[in-house]
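Per chain, numbering begins at 1; letters A, B, ... match sequence-line order.
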Amino acid sequence: AQSVTQLDSQVPVFEEAPVELRCNYSSSVSVYLFWYVQYPNQGLQLLLKYLSGSTLVKGINGFEAEFNKSQTSFHLRKPSVHISDTAEYFCAVSPSQGAQKLVFGQGTRLTINP
Amino acid sequence: DAGITQSPRHKVTETGTPVTLRCHQTENHRYMYWYRQDPGHGLRLIHYSYGVKDTDKGEVSDGYSVSRSKTEDFLLTLESATSSQTSVYFCAINPGQGGTYEQYFGPGTRLTVT
């Protein structure tokens, strides 16, 4: 079985500042890793994914994440945030084989202050 | 746009009544999933389907049943709704082929059980 822990439930940041949202996972099998974003009153949108290869992955809207196998982490970063980045962010894992059922973290609410 | 619609988008029902939520996709993807979203829990998998009439349980399946008689439709039924099933329900699809491993989500159904 897999589990995901997002270490911060809320992260307030000033506009144009850098941000890091932390995600740790556990799994006994090989996994794929994802970050999703949910804007207010909307569904989930894929930000980026790690399947294999380079441990630094780039996604939409200037976000990137780094896979660290030894620390079982997949932290999300952005060098300079905008008001429009205000949303809830979810880290998720799925087994690399089979039905690829997603296991989500609890979510991190990112609030950008002017 | 992943071509996923959910109906209804909002529903209020009374404890003890049956409720059916519908997920419809236009792309004939193999895998379909039902999740529920609750504050502090992220999204949790209820049931999933890997083909017509092929379904399996997820993490929080008690009190829910599903059916898939056509590739494009995946129905979630609350057999006797309880207040603990008040939640936002999301349907997702995964093409399951062509190197696509991420899931795409519908807009959600907000269900309130009074």
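- There is no path of hydrophobic side-chain contacts, each under 4.5 Å, that joins A:Leu56 to A:Ile60.
- There is no path of hydrophobic side-chain contacts, each under 4.5 Å, that joins B:Phe90 to A:Val103.
- Residues of residues 104-114 of chain A lying under 4.5 angstrom from chain B, judged on non-hydrogen atoms, are A:Phe104, A:Gly105, A:Gln106 by number.
- Contact annotation for B:Leu43: both backbone and side-chain heavy atoms come within less than 4.5 Å of a heavy atom of chain A.
- Note on B:Trp34 and B:Ile93: same hydrophobic cluster, where clusters join Ile, Leu, Val, Met, Phe, Trp and Tyr whose side-chain heavy atoms are under 4.5 Å apart, directly or indirectly.
- For the set B:Gln103, B:His41, B:Gln6, the count of heavy-atom pairs under 4.5 angstrom toward chain A peaks at B:Gln103.
- When the heavy atoms of residues 20-41 of chain A are compared with those of chain B, the residues falling under 4.5 Å are A:Tyr32, A:Phe34, A:Tyr36, A:Gln38, A:Asn41, listed by number.
- Of all the heavy atoms in A:Lys101 and B:Tyr35, the pair that sits closest is C-OH, 4.5 Å.
- Counting non-hydrogen atoms of other residues, nucleotides and ligands closer than 6.0 Å to CZ of B:Arg110 gives a total of 12 or fewer.
- When heavy atoms are compared at a cutoff of 4.5 Å, B:Tyr50 does not approach chain A at all.
- There is a path of hydrophobic side-chain contacts, each under 4.5 Å, that joins B:Val88 to B:Tyr48.
- Taking non-hydrogen atoms and a 4.5 Å limit, the residue list of residues 67-86 of chain A in contact with chain B is empty.
- Here the closest non-hydrogen pair linking B:Gln37 and A:Phe90 is NE2-CZ, 3.3 Å.
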Quiz item: Between A:Leu102 and B:Phe105, is a side chain to side chain contact (heavy atoms under 4.5 Å, CB included) present by the stated rule, with each step listed?
Solution: CA-CA 12 Å; A:Leu102 282 173; B:Phe105 287 80; 4.1 Å; yes

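- Hydrophobic clustering (ILVMFWY, side-chain heavy atoms < 4.5 Å, transitive): A:Phe63 and A:Tyr50 are in one cluster.
- Judged as a side chain to side chain contact (heavy atoms under 4.5 Å, CB included), and not counting sequence neighbours, the contacts of B:Thr82 are B:Ser84, B:Gln85.
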